[in-house]
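The next block holds one structure in the form of structure tokens; read it before the comments.
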Amino acid sequence: MQDTETRIHAWRIEEREYRRQQERRGRRFAYPRLTPARTALVVIDMVPFFVDANPYARGIAPNIQQLADRLRAAGGAVAWVLPARTERTPVGDEFHGPEAAEMFRNSGGTGPLPGRLWPGLTTAPDDIFVEKSAPSAFFPGRCPLPDLLQEHGIDTVLITGTVTQVCCESSARDACTLGYRVVMVADANATGRDQDHNATLATIYRSFGDVRPTAEILDLIDAAPAP
């Protein structure tokens, strides 16, 4: 029987981290406003391989869907990022072991990209679909996403998906390096344990971008002036 349990991480940022940023820049959040037309929701690796095995990944699906629907309606972009099937390498075999390396190599599935998403998510015809051949969707030369976002005039990315401390964190770090305003959505990222999830949130908030829950992002979208 397929597991249908869902969970949401008990996420938190320590108050001392909030105080530190408040003292540095005079406000808790770096990006208190966003422009929907210049914002992209980036959804990382929400494919059956990862979602079916993890109740936390299933738990964030409604938040991702709500963000996608609201941002799209406000004129923003939605980008679905899937793992590419990469070439087998000696280093990959050595690091993961041959069987696990082959499993991860095929984690994104095959066929048209929209059909490879976890089936509980709904997309739209104008959404962006890309593959990445590295953990990060923003690593140069390993994913077309940055070029596509540039064509759309995007300056702000909302990072969501799974796994929090691997591909999502890698994408957030590299997006920051490329000059994007980065917001990691605290209750729309998932991994296996709260402590791993929260360690990444602390790192992102301290050094790479904001960390906000879905409800606050929706409020920012709604508060944005009409185009």
Side-chain angles (χ1 to χ4, degrees), residues 7-45 54 56-57 59-60 62-64 66-68 70-71 74 76-77 79 81 132 134-140 145-146 149 154-225:
R7 300 177 188 170
I8 290 289
H9 288 294
W11 73 274
R12 66 187 296 266
I13 300 289
E14 292 189 12
E15 189 58 36
R16 66 177 182 175
E17 295 297 339
Y18 286 133
R19 287 198 303 269
R20 178 184 299 176
Q21 295 292 25
Q22 184 80 29
E23 292 169 0
R24 285 177 174 174
R25 62 191 176 212
R27 60 189 185 277
R28 175 169 290 201
F29 298 110
Y31 312 122
R33 290 172 295 278
L34 59 80
T35 302
R38 297 181 64 81
T39 301
L41 177 71
V42 178
V43 186
I44 304 289
D45 290 354
N54 187 352
Y56 290 106
I60 64 173
N63 288 342
I64 290 174
Q66 192 173 13
L67 289 164
R70 190 78 62 87
L71 182 61
V81 183
K132 60 179 177 61
S136 169
F138 292 86
F139 192 89
L145 183 62
L149 296 185
I154 299 299
D155 64 16
T156 302
V157 291
L158 311 175
I159 302 295
T160 66
T162 194
V163 174
T164 307
Q165 77 273 26
V166 185
C167 293
C168 299
E169 181 175 347
S170 297
S171 296
R173 287 169 175 256
D174 286 345
C176 174
T177 300
L178 292 178
Y180 290 94
R181 303 162 82 237
V182 173
V183 183
M184 181 164 257
V185 187
D187 54 357
N189 283 268
T191 185
R193 306 188 306 169
D194 288 345
Q195 54 263 53
D196 298 328
H197 184 75
N198 288 333
T200 285
L201 298 188
T203 296
I204 297 301
Y205 180 75
R206 186 182 303 121
S207 301
F208 298 101
D210 277 338
V211 174
R212 307 286 288 266
T214 297
E216 292 182 8
I217 299 296
L218 295 174
D219 287 343
L220 291 178
I221 294 170
D222 292 342

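By convention here, the first residue in the shown sequence is residue 1.
Note on R25 versus D210: salt bridge recorded, some NZ/NE/NH1/NH2 to OD/OE distance being below 4.0 Å.
In this view, Q165 and T191 satisfy the side-chain hydrogen bond (donor to acceptor under 3.5 Å, both in side chains) rule, not counting sequence neighbours. Residues meeting the side chain to side chain contact (heavy atoms under 4.5 Å, CB included) test with D219, sequence neighbours left out: none. For R16, the salt bridge (charged side-chain N to carboxylate O under 4.0 Å, His left out) criterion is met by E14, not counting sequence neighbours. Scanning for side chain to side chain contact (heavy atoms under 4.5 Å, CB included) contacts around R181 gives Y31, L34, D155, T156, with sequence neighbours left out. For R19, there are no salt bridge (charged side-chain N to carboxylate O under 4.0 Å, His left out) partners at least two apart in sequence or on another chain. Remark: E15 pairs with R28 by the salt bridge (charged side-chain N to carboxylate O under 4.0 Å, His left out) rule, at least two apart or across chains. When the side chain to side chain contact (heavy atoms under 4.5 Å, CB included) test is applied to A199, no partner is found at least two apart in sequence or on another chain. The side chain to side chain contact (heavy atoms under 4.5 Å, CB included) test applied to P213 returns W11, D187, E216, not counting sequence neighbours. Residues passing the salt bridge (charged side-chain N to carboxylate O under 4.0 Å, His left out) test with R33: none are found, sequence neighbours excluded.
Within the structure, ring pair (Phe, Tyr, Trp, His ring centres under 6.0 Å) pairs that include any residue of residues 162-190 comprise F138-Y180 (at least two apart or interchain). The stretch residues 154-178 participates, sequence neighbours left out, in no ring pair (Phe, Tyr, Trp, His ring centres under 6.0 Å) pair at all. Residue pairs satisfying the salt bridge (charged side-chain N to carboxylate O under 4.0 Å, His left out) criterion with at least one member in residues 191-207, sequence neighbours excluded, are listed as follows: E17-R206, R193-D196.
With rounding to the nearest 0.5 Å, the separation of CZ in R7 from NE2 in H9 is 9.5 Å. Rounded to the nearest 0.5 Å, atoms CG (L178) and CZ (F139) are 10.0 Å apart. Here the straight-line distance linking atom CG of L201 with atom CD1 of I204 works out to 8.0 Å at 0.5 Å rounding. Taken from CZ in F29 to OH in Y205, the straight-line distance is 6.0 Å, to the nearest 0.5 Å. Separation of atoms CZ (R173) and OG (S136) is listed at 10.5 Å; rounding is to 0.5 Å.
Side-chain atoms of T160 come within 3.5 Å of backbone N or O of V42 as a donor-acceptor pair. With H197 contributing its side chain and A10 its backbone, the two residues share no donor-acceptor pair below 3.5 Å. Judged purely by atom type and a 3.5 angstrom limit, S171 uses its side chain to pair as donor or acceptor with the backbone of A137.
Listed here is the closest heavy atom pair of A74 and I221: CB-CG2, 3.7 Å. Across all their heavy atoms, P135 and C167 have their closest contact at O-CB, 3.2 Å. The two residues C168 and G161 come nearest to each other via the heavy atoms SG-C, 3.4 Å. A175 and V182 make their closest contact through CB-CG2, 3.8 Å (heavy atoms, listed as atom of the first residue, atom of the second, distance). Across every non-hydrogen atom of A188 and T214, the tightest pair is CB-OG1, 4.2 Å. Nearest heavy atoms, A77 versus I154: CB-CD1, 4.2 Å.
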Does K132 form a side-chain contact (heavy atoms from CB on, under 4.5 Å) with D45? I'd like the steps, not just the answer. CA-CA 9 Å; K132 60 179 177 61; D45 290 354; 3.1 Å; yes

Run the side-chain contact (heavy atoms from CB on, under 4.5 Å) test on R70 and I217 for me, step by step, so that the C-alpha distance in whole Å, both residues' side-chain angles and the decisive distance to 0.1 Å come before the verdict. CA-CA 10 Å; R70 190 78 62 87; I217 299 296; over 6 Å; no

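Checked against V185 for a side chain to side chain contact (heavy atoms under 4.5 Å, CB included), the options I60, L67, V211 give a single hit: L67. Test N189, T200, T164 against E169 for side chain to side chain donor-acceptor pair (under 3.5 Å) and you get one pass: T200.
Side-chain contact check for I8 versus N63: some heavy-atom pair is nearer than 4.5 Å.
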